[in-house]
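First comes the structure, then the notes that go with it.
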Amino acid sequence: MAAMACIPRRLSQITLFNTKNLTLYHITLVVILCTTFYLIGIWQHSVGTTFSSSSAAAAFLSSVPCSSLKTTQLDFLPHHLPPDPPSETTRAAQFPPCDPSFSEYTPCEDVQRSLKFDRDMLIYRERHCPEKDELLKCRIPAPYGYKVPFRWPQGREFAWFANVPHKELTVEKKNQNWIKVEGDRFRFPGGGTMFPHGADAYIDDIDKLISLRDGSIRTAIDTGCGVASWGAYLLSRNILAMSFAPRDTHEAQVQFALERGVPAMIGVMASIRLPYPSRAFDMAHCSRCLIPWGQYDGLYLIEVDRVLRPGSYWILSGPPINWQKHWKGWNRTTDDLKSEQSRIETVAKSLCWKKLVQKDDLAIWQKPTNHVHCKANRKVFKRPPICYTQNPDMAWYTKLETCLTPLPRVSNIKEIAGGQLAKWPERLNAIPPRISSGSLPGITETVFVENSELWKKRVEYYKSIDHQLAETGRYRNLLDMNAYLGGFAAALVDDPVWVMNIVPVEADQINTLGVVYERGLIGTYQNWCEAMSTYPRTYDFIHGDAIFSLYKDRCEMEDIVLEMDRILRPESSVIIRDDVDVLMKLKNMMDGMQWDGRIVDHEDGPHERTKILFAVKQYWVASPLSQNQ
């Protein structure tokens with residue numbers, strides 16, 4: 001039974017063995033067949049393509065010479081570099097020189113354009129700027145032979161004839177001691193129509209009537225200034241005068257003032273306000289300035305009142321003062337002159353001015369320190385009424401009005417409206433009343449002090465960049481295009497320079513020009529999309545803090561730069577601080593104007609995004625042949 005049980009077990013093992021062998025055989029056969037067919041396919045493919053591809057390659061190689069084969073080389077050069085700077089030819093073509101006939105071009109006081117406007121009230125002599133399509137896109141040339149002006153104080157007496165080649169005043173004012181020609185230069189004896197013995201002696205006569213030496217009078221305005229000898233000689237008494245006169249038949253009178261190194265602007269009393277804030281000046285002056293003070297309901301004296309500080313002075317010499325002595329020489333009747341003086345006296349009383357003195361050829365009035373009594377006596381003086389609607393500091397193309405600008409309110413009759421100012425020189429760094437009273441939002445006493453210290457630091461850094469700025473006497477006439485609180489000018493107060501502080505009208509939401517004047521500095525409003533009311537080659541140095549960022553999208557950068565080029569003297573410099581991207585674009589533009597410039601780091605180091613552009617205008621002048629034509 002046991003033997004029979006083993007037989008089925010053995011049969012099953014044999015069957016399993018045979019099945020495994022059959023499977024292994026099938027697998028081996030499949031592998032052999034697949035390998036065989038794969039090898040056959042490779043052989044057929046090689047036979048079908050080798051000869052054709054070889055023949056095509058042979059045909060290409062035989063038809064193309066080796067020398068024409070291009071070999072690709074790896075390029076490891078960087079491709080993110082800025083473009084190469086333009087060639088000298090490109091630079092010259094970008095902003096070409098203007099015709100020499102434009103060497104004294106004043107865009108907004110152009111004589112030919114002015115003839116289109118009304119001559120009544122001298123409106124045609126106001127600012128009338130060119131339209132956009134009339135703007136010059138060229139550089140104003142200096143006259144042939146132009147020289148760097150005399151250094152101060154020598155410049156007060158002398159100017160180069162080649163710089164302002166006009167002899168008209170030497171003939172017209174020959175007997176009044178204004179100006180003389182001596183060889184290659186002009187000499188300014190300091191005379192004037194009403195001070196033939198010199199401005200110095202004339203100012204001494206004023207000093208005998210009101211004190212000019214105790215520091216209470218610091219800022220002055222000279223209306224119809226001539227060649228600005230009055231302002232020139234006040235400087236030795238630490239009084240800074242803003243002188244203005246129109247561009248009229250007295251050729252180049254303001255230009256002579258600027259060549260001498262005396263603050264001056266082109267301006268006229270006509271139908272719009274003077275471009276200064278209210279309560280700006282300690283003293284106003286007119287010496288035979290030919291302004292019709294008694295006409296138009298006293299309009300022009302009302303404007304003088306607006307810009308005078310409480311308790312300040314108005315000085316008048318010339319017609320009609322002392323008419324009893326001079327009426328024959330003035331070629332006017334006694335009745336006419338007497339009537340004119342009566343009208344002036346009436347207007348002055350209506351403004352609540354007090355006539356302090358009239359002695360010889362001088363008459364002096366004083367503005368009240370507040371308007372307590374003046375508002376009360378409007379019952380007597382119906383005219384002019386008090387202005388309550390217009391901003392007293394708004395003075396850019398603002399129409400004159402026959403109403404009295406009110407002084408700030410006071411708590412008692414003895415209080416000085418707007419606050420008492422410190423005497424000079426303490427006034428420079430004392431907290432200005434406009435700030436201490438809180439009338440300028442966001443500008444506190446702390447902000448003022450910190451701003452003053454900041455600009456001392458910045459100016460010290462500037463002098464390490466611009467050695468001409470650091471050189472005493474090299475520069476005289478300076479311009480700050482965006483002055484804010486006047487910190488730049490204040491930091492230079494010990495240098496023999498003066499600074500025209502500009503507060504752009506675009507910054508009128510924080511109008512700080514009144515603060516500049518309360519510090520004992522001078523300045524004006526300006527829209528830098530228009531030309532400034534001054535002659536070409538006015539300034540030795542121009543400073544601008546973020547001015548191009550302020551005017552971004554307002555007007556073309558090139559028009560502002562061309563205006564800077566117009567008013568900057570040859571071999572003089574600019575310092576502009578702004579965002580680095582703005583300065584890169586600006587420098588590229590200046591490279592096309594014959595300026596040498598470089599961008600340097602902020603005074604706080606290279607990590608500041610604000611950078612500083614320093615540039616010098618190269619010396620170039622009109623050719624002698626073109627100028628003689």
Side-chain angles (χ1 to χ4, degrees), residues 104-136 221-226 242-255 257 264-278 280 284-308 314 316 318-319 340 343-344 347 351 383-385 387 389-405 505 508 524-535 563:
E104 294 178 358
Y105 180 57
T106 53
C108 296
E109 290 85 13
D110 181 63
V111 175
Q112 294 303 315
R113 185 181 299 104
S114 71
L115 298 178
K116 303 175 185 177
F117 297 91
D118 191 354
R119 301 180 76 87
D120 184 46
M121 295 180 66
L122 299 180
I123 289 173
Y124 75 111
R125 284 186 175 151
E126 292 179 332
R127 285 175 59 87
H128 301 290
C129 298
E131 298 295 332
K132 188 173 182 179
D133 59 354
E134 297 177 300
L135 295 174
L136 294 182
I221 183 168
D222 191 8
T223 56
C225 64
M242 173 70 80
S243 301
F244 74 85
R247 181 162 188 173
D248 58 11
T249 54
H250 293 167
E251 188 68 46
Q253 54 185 330
V254 168
Q255 193 174 13
M265 290 180 63
I266 300 172
V268 65
M269 297 199 78
S271 70
I272 60 176
R273 283 180 172 181
L274 299 174
Y276 316 115
S278 64
H285 174 255
C286 163
S287 175
R288 200 172 184 179
C289 60
L290 304 180
I291 296 173
W293 299 115
Q295 296 181 23
Y296 309 114
D297 297 322
L299 187 67
Y300 299 138
L301 272 183
I302 290 171
E303 174 61 0
V304 169
D305 179 84
R306 182 185 70 86
V307 299
L308 280 178
W314 183 54
L316 177 64
E340 182 182 352
R343 289 195 301 270
I344 291 174
V347 174
L351 299 175
R383 299 279 179 183
C387 302
T389 57
Q390 219 171 50
N391 180 347
D393 289 343
M394 186 181 295
W396 187 250
Y397 296 117
T398 306
K399 287 293 183 182
L400 292 176
E401 290 185 342
T402 52
C403 58
L404 180 63
T405 301
V505 293
D508 59 3
T524 184
Y525 297 113
Q526 175 66 32
N527 176 357
W528 286 114
C529 291
E530 300 177 0
M532 193 175 176
S533 291
T534 193
Y535 281 87
E563 174 62 4

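Quick caveat, the model's predicted, so the values are computed rather than measured. Just so it is clear, the values below take in all heavy atoms, side chains as well, and ignore hydrogens, waters and symmetry mates.
- Remark: A395 engages R273, R306, Y525 in a side chain to side chain contact (heavy atoms under 4.5 Å, CB included) (not counting sequence neighbours).
- Looking only at atom types and distance, the side chain of D297 has no donor-acceptor partner in the side chain of T402 under 3.5 Å away.
- A donor-acceptor contact closer than 3.5 angstrom is absent between the side chains of R125 and S114.
- Ring planes of F117 and H128: parallel class, angle under 30° (limits at 30 and 60°).
- Separation of atoms CG (L299) and CH2 (W293) is listed at 10.5 Å; rounding is to 0.5 Å.
- Contact of the V268 side chain with the F244 side chain is not registered, since no non-hydrogen atoms from C-beta on lie closer than 4.5 Å.
- No side-chain donor-acceptor contact under 3.5 Å links Q390 and T398.
- Checked against side-chain hydrogen bond (donor to acceptor under 3.5 Å, both in side chains), Y124 has the following partners two or more places apart in sequence or in another chain: R119.
- Residues passing the side-chain hydrogen bond (donor to acceptor under 3.5 Å, both in side chains) test with T106, sequence neighbours excluded: R247.
- For S271 (side chain) and I123 (main-chain N/O), no donor-acceptor pair under 3.5 Å exists by modelled atom type.
- P246 and Q253 get closest at one heavy-atom pair: O-NE2, 3.4 Å.
- Contacts of R343 classified as side-chain hydrogen bond (donor to acceptor under 3.5 Å, both in side chains), with partners at least two apart in sequence or in another chain: S339.
- Listed by chain and residue number, R288, W330, R332, L337 satisfy the side chain to side chain contact (heavy atoms under 4.5 Å, CB included) test with P319 (two or more places apart in sequence, or in another chain).
- Closest non-hydrogen pair, A270 versus L400, comes out as O-CD1, 3.5 Å.
- Other residues, nucleotides and ligands place no more than 12 heavy atoms under 6.0 Å from the CD atom of E131.
- A heavy-atom distance below 4.5 Å is not found between the side chains of M265 and T534.
- For the pair E563 and W528, the tightest heavy-atom approach, listed with the atom from each and the gap, is CG-CZ3, 4.3 Å.
- For E126, there are no salt bridge (charged side-chain N to carboxylate O under 4.0 Å, His left out) partners, not counting sequence neighbours.
- Between T405 and C387 the shortest heavy-atom distance is N-SG, 4.3 Å.
- Between the side chain of Q526 and the main chain of V505, no donor-acceptor pair closer than 3.5 Å is present.
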